[in-house]
Undergrad: 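Sharing a structure, written as structure tokens. Questions coming.
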There are 2 protein chains.
Amino acid sequence: MIREQLIDPAPDALTSFLNCHTRTRDCLVQVAGLAEVSYRGRAASTAEIGTYLVLIKQDGSLQIHHPTGIKPMNWQPKTDELVARVDEDVCMLLASRRSPVEIVQVIFLQPHLALALELKAAGGFFLSGSEAQMQETLAHAPELIEPGLKVLGRELLVESGGIDLYAQDDQGRYVVVELKRGRATQHAVSQLGRYVCSVQGKLPAGSVVRGILAAPSITGPARLELESRGLEFREISSWPSVPVAREGQQPSLFE
Amino acid sequence: MIREQLIDPAPDALTSFLNCHTRTRDCLVQVAGLAEVSYRGRAASTAEIGTYLVLIKQDGSLQIHHPTGIKPMNWQPKTDELVARVDEDVCMLLASRRSPVEIVQVIFLQPHLALALELKAAGGFFLSGSEAQMQETLAHAPELIEPGLKVLGRELLVESGGIDLYAQDDQGRYVVVELKRGRATQHAVSQLGRYVCSVQGKLPAGSVVRGILAAPSITGPARLELESRGLEFREISSWPSVPVAREGQQPSLFE
DNA sequence: TGTTAAATTTCGGGA
DNA sequence: TCCCGAAGTTTAACA
């Protein structure tokens with residue numbers, strides 16, 4: 001599990017350690033200690049000297065954590081080059097990528113701990129409650145949106161994006177359905193509006209296209225915007241915002 | 001720096017370790033080893049048995065990393081309760097929060113390493129290249145958007161959101177400016193459209209309100225959408241997508 | 001608390 | 001590669 005551990009490594013020792021274990025790409029590498037971090041790319045940042053935790057995963061992704069918060073202080077999702085070297089008597093780590101051109105530089109002023117861990121086995125990961133799952137369910141039970149609704153297509157691509165559900169109502173009118181797994185916002189209304197326009201543009205002039213936003217709830221401003229644009233909202237209440245373990249009850253949507 | 005380190009801890013030892021160091025809230029705690037993770041909240045997930053790295057920061061935030069990717073496999077940004085206990089002869093960690101109600105459960109089947117680190121000093125952090133900075137710059141140099149433009153306000157709140165820059169052109173017409181630090185998308189066009197409508201609704205009927213999207217570039221579909229809605233695009237090219245160190249040259253925007 | 005929008009968003013999918 | 005959209009997005013700001 002622990003491939004290698006160094007306490008208070010010298011600059012050249014840390015440099016070798018980093019280059020060795022990042023090259024093999026089979027370890028999760030971490031270094032904790034006093035460091036300085038700078039980033040240049042889509043934006044630019046500088047972190048003054050402080051105690052940070054640097055993580056380098058097997059795919060070469062880099063993240064630098066400060067004492068609080070879920071998000072790293074600095075990061076590099078993918079690195080095209082990851083190299084450590086001794087510079088002015090300290091170990092310096094450079095993580096760069098092209099597209100976008102970005103570079104993160106870590107200067108280890110006083111590394112206290114360097115650790116290489118083997119994190120081999122990762123089991124399966126299963127997520128439920130995604131919008132994709134909601135789409136799957138509603139595509140097979142469109143009456144939950146509206147009685148008589150017939151689904152013609154899913155993920156239909158138009159110039160302005162992908163339409164979640166494309167359908168026809170009991171009067172033969174085309175219906176564009178936009179799904180949200182959580183509370184629908186003005187953003188969702190804009191999306192729906194764009195899709196409705198795109199579909200209208202493909203049909204003979206004068207065709208009526210309905211737009212339905214289907215979600216467990218909707219914000220006040222979104223509702224106003226929606227109604228002013230002649231679009232509709234359908235509450236999908238059986239979508240459990242917090243799936244609760246239940247016994248002897250009938251399973252809700254998505255279970 | 002290293003407050004405590006355990007190798008292959010027994011369930012009760014790991015439990016004590018976790019409860020002790022998370023209670024004091026002055027350490028970054030990590031556990032690496034075989035585990036199972038499940039989550040219930042806005043969605044639900046299960047991670048089968050595998051080797052993971054669990055990080056618990058001083059603010060009680062929890063993240064569980066698998067071998068690749070910048071994002072944790074599971075996480076809990078804020079925990080209202082963080083408690084470990086021995087359950088069926090293994091150590092189980094529960095991290096829960098209200099609002100939204102969510103819980104992450106980690107079952108440590110075979111912990112190999114438990115580490116408590118002191119990450120005390122964090123230096124200052126400075127980021128440049130944000131949209132806020134772009135706004136600051138353009139508010140003082142609106143001629144970069146258009147000659148004769150006068151800024152009337154920033155972050156002006158209307159019902160549909162916050163207008164980045166509110167201005168008047170050399171002919172006295174009101175101008176709503178939406179800024180993007182990167183390539184502008186259809187989403188940005190929608191925002192701008194909403195703001196223009198909101199402003200029009202506040203002015204006497206028939207008032208002309210211009211909408212300008214100011215960004216370094218714009219996607220093709222966004223440009224079409226923009227033009228079809230009578231809105232305008234202004235390229236802000238001096239926004240350096242990659243701020244480069246230069247010598248003897250005149251500093252660009254934002255430097 | 002509710003809503004909106006930014007973010008070095010990341011990530012995945014389709015053309 | 002470009003583009004769009006989901007995400008357990010997170011985070012901050014503001015009414």
Side-chain angles (χ1 to χ4, degrees), chain A residues 39-45 61 63 69-78 97 99-104 127-135 155-164 178-188 190-191 194-195 217-223 241-243, chain B residues 39-45 61 63 68-78 97 99-104 127-135 155-164 178-188 190-191 194-195 217-222 241-243:
Chain A
Y39 154 76
R40 270 187 171 235
R42 286 164 292 180
S45 75
S61 64
Q63 44 193 302
I70 202 82
K71 288 176 62 180
M73 176 182 72
N74 284 102
W75 65 92
Q76 190 75 284
K78 286 176 185 169
R97 66 162 159 172
S99 181
V101 174
E102 300 194 288
I103 187 162
V104 174
L127 180 76
S128 68
S130 65
E131 191 190 287
Q133 215 172 90
M134 185 182 182
Q135 186 190 116
E155 287 298 339
L156 187 71
L157 287 172
V158 293
E159 66 264 32
S160 52
I163 295 174
D164 288 338
E178 171 64 29
L179 306 178
K180 286 297 164 206
R181 60 179 299 286
R183 183 163 253 237
T185 65
Q186 291 183 106
H187 182 178
S190 294
Q191 274 183 51
R194 282 207 301 275
Y195 301 153
S217 63
I218 184 168
T219 69
R223 174 143 233 160
S241 63
V242 180
Chain B
Y39 155 77
R40 265 185 177 235
R42 287 165 290 180
S45 75
S61 64
Q63 43 193 302
T68 60
I70 203 80
K71 290 175 62 180
M73 176 182 71
N74 283 103
W75 66 93
Q76 192 74 284
K78 285 175 185 169
R97 66 161 158 171
S99 184
V101 174
E102 300 194 289
I103 188 162
V104 174
L127 180 76
S128 68
S130 64
E131 191 189 288
Q133 217 173 88
M134 185 181 182
Q135 186 190 118
E155 288 297 340
L156 187 72
L157 286 172
V158 292
E159 66 264 30
S160 54
I163 295 174
D164 288 337
E178 172 65 28
L179 306 178
K180 286 295 163 204
R181 60 180 299 285
R183 184 162 252 234
T185 64
Q186 292 182 105
H187 182 179
S190 294
Q191 275 182 51
R194 282 206 302 273
Y195 302 154
S217 62
I218 184 169
T219 68
S241 64
V242 181

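Treat the numbers as computed from the prediction; the structure is a model and nothing was measured. In what follows, chains are A, B, ... by sequence order, proteins preceding strands, each numbered from 1.
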Undergrad: Which whole-number value in Å describes the distance from Gln133(B) CD to dA6(C) P?
TA: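 Result: 16 Å.
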
Undergrad: On a whole-Å scale, what distance lies between the C1' atoms belonging to dA5(C) and dT9(C)?
TA: 13 Å

Undergrad: Please tell me if Gln186(A) has a side-chain N or O lying less than 4.0 Å from either OP1 or OP2 of dT3(C).
TA: no

Undergrad: Between dT9(C) atom P and Gln63(A) atom CD, what is the distance in whole Å?
TA: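 The distance from CD of Gln63(A) to P of dT9(C) comes to 17 Å, rounded to the nearest Å.
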
Undergrad: OP1 or OP2 of dT3(C) less than 4.0 angstrom from a side-chain nitrogen or oxygen of Arg183(A), does that happen here?
TA: yes

Undergrad: Using a cut-off of strictly less than 4.0 Å, decide whether Arg181(A) has a side-chain nitrogen or oxygen near OP1 or OP2 of dT9(D).
TA: yes

Undergrad: If I take atom CG in residue Leu156(B) and atom P in nucleotide dT4(C), what distance separates them, rounded to the nearest angstrom?
TA: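 Result: 16 Å.
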
Undergrad: Tell me if a side-chain donor or acceptor on Glu102(A) pairs with a main-chain N or O of Arg42(A) at a distance below 3.5 Å.
TA: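 Indeed, once roles are kept as given, a pair shorter than 3.5 Å links the two residues.
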
Undergrad: What integer number of Å spans the C1' atoms of dG8(D) and dG14(C)?
TA: 25 Å

Undergrad: Could you pick out which residue, Ser99(B) or Ala132(B), lies toward the 5' side of DNA chain C when each is mapped onto its nearest nucleotide?
TA: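 Taking each residue's closest nucleotide, the earlier one in sequence belongs to Ser99(B).
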
Undergrad: Sticking with atom P, work out how far dA7(C) lies from dA7(D), rounded to a whole angstrom.
TA: 22 Å

Undergrad: Report the distance from atom NE2 of His187(A) to atom P of dT9(D), rounded to the nearest whole Å.
TA: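 Whole-Å distance recorded here is 14 Å.
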
Undergrad: Looking at Pro72(A), is its backbone amide N or carbonyl O close enough to the side chain of Gln63(A) to form a donor-acceptor pair, meaning the two atoms are under 3.5 Å apart?
TA: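 Judged by distance alone, no pair lies under 3.5 Å.
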
Undergrad: Counting only N and O atoms by type, is there a donor-acceptor contact under 3.5 Å from the side chain of Gln133(A) to the main-chain atoms of Gly129(A)?
TA: yes

Undergrad: Quick check on DNA chain D: between Gly161(A) and Val104(B), whose nearest nucleotide comes earlier from the 5' end?
TA: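 Going by which nucleotide is closer to the 5' end, it is Gly161(A).
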
Undergrad: Let me know the distance between CD1 of Ile163(A) and P of dG5(D), rounded to the nearest Å.
TA: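 Atom-to-atom, Ile163(A) to dG5(D), this comes out as 10 Å.
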
Undergrad: Closest heavy-atom contact between Thr219(B) and Thr185(B)?
TA: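 Here Thr219(B) and Thr185(B) meet closest at OG1-CA, 4.1 Å.
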
Undergrad: At less than 4.0 Å, is any side-chain N or O atom of Gln135(B) found next to OP1 or OP2 of dA6(C)? Yes or no.
TA: no

Undergrad: Would you mind classifying the nucleic acid contact of Pro221(B) as base, sugar-phosphate or nothing, using non-hydrogen atoms under 4.0 angstrom?
TA: sugar-phosphate

Undergrad: When you measure from the side-chain N and O atoms of Gln191(A) to the phosphate of dC4(D), is any distance below 4.0 Å, counting only OP1 and OP2?
TA: no

Undergrad: What one-letter contact string describes nucleotides 10-15 of chain D from 5' to 3', where B marks a base within less than 4.0 Å of any protein heavy atom, S marks contact via sugar-phosphate atoms alone, and - marks no contact?
TA: SS--SS

Undergrad: Base, sugar-phosphate alone, or nothing: which one does Gln76(A) contact when heavy atoms must sit under 4.0 Å apart?
TA: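 The answer is nothing, as Gln76(A) stays clear of every strand by at least 4.0 Å.
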
Undergrad: For dA5(C), take OP1 and OP2 only and decide whether either is under 4.0 Å from a side-chain N or O of Tyr195(B).
TA: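 Answer is yes, contact under 4.0 Å.
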
Undergrad: Is there a side-chain contact between Thr219(B) and the phosphate of dC4(D), meaning an N or O under 4.0 Å from OP1 or OP2?
TA: yes

Undergrad: State, yes or no, whether a side-chain contact exists between Asp164(A) and Glu131(A) at a heavy-atom distance under 4.5 Å.
TA: yes

Undergrad: If you take all heavy atoms of Ser160(B) and Gln186(A), which pair is closest and at what distance?
TA: O-NE2, 3.2 Å

Undergrad: Would you check if Arg183(A) and Ile218(A) make a side-chain contact, meaning some heavy-atom pair closer than 4.5 Å?
TA: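 Arg183(A) vs Ile218(A): side chains apart.
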
Undergrad: Whether Arg194(B) contacts dA5(C) is assessed here as follows: a side-chain N or O lying under 4.0 Å from the phosphate OP1 or OP2. Is that the case?
TA: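 For Arg194(B), the contact criterion (side-chain N or O under 4.0 Å from OP1 or OP2 of dA5(C)) is met.
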
Undergrad: Would you classify Glu159(B) as touching base, sugar-phosphate or nothing, given that sugar-phosphate means primed atoms plus P, OP1 and OP2, and contacts are heavy atoms under 4.0 Å?
TA: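 Touches nothing.
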
Undergrad: Which heavy atom of Leu157(A) sits nearest a heavy atom of Gly162(A), and at what distance?
TA: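 Residues Leu157(A) and Gly162(A), closest heavy atoms: CD2-CA, 3.9 Å.
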
Undergrad: Listed by chain and number, what are the side chain to side chain contact (heavy atoms under 4.5 Å, CB included) partners of Ala188(B), not counting sequence neighbours?
TA: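 Expected list: Lys180(B), Ala184(B), Leu213(B).
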
Undergrad: Figure out the CD/C1' separation between Glu131(A) and dT9(D), and round it to whole Å.
TA: 14 Å

Undergrad: Is the phosphate of dA7(C), meaning OP1 or OP2, less than 4.0 Å from a side-chain N or O of Lys180(B)?
TA: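 Checking Lys180(B) against dA7(C): no side-chain N or O falls below 4.0 Å of OP1 or OP2.
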
Undergrad: Rounded to the Å, how far apart are Met134(B) CE and dA5(C) P?
TA: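 Rounding to the nearest Å, CE of Met134(B) and P of dA5(C) are 17 Å apart.
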
Undergrad: Figure out the CG/P separation between Asp164(A) and dG13(C), and round it to whole Å.
TA: 16 Å

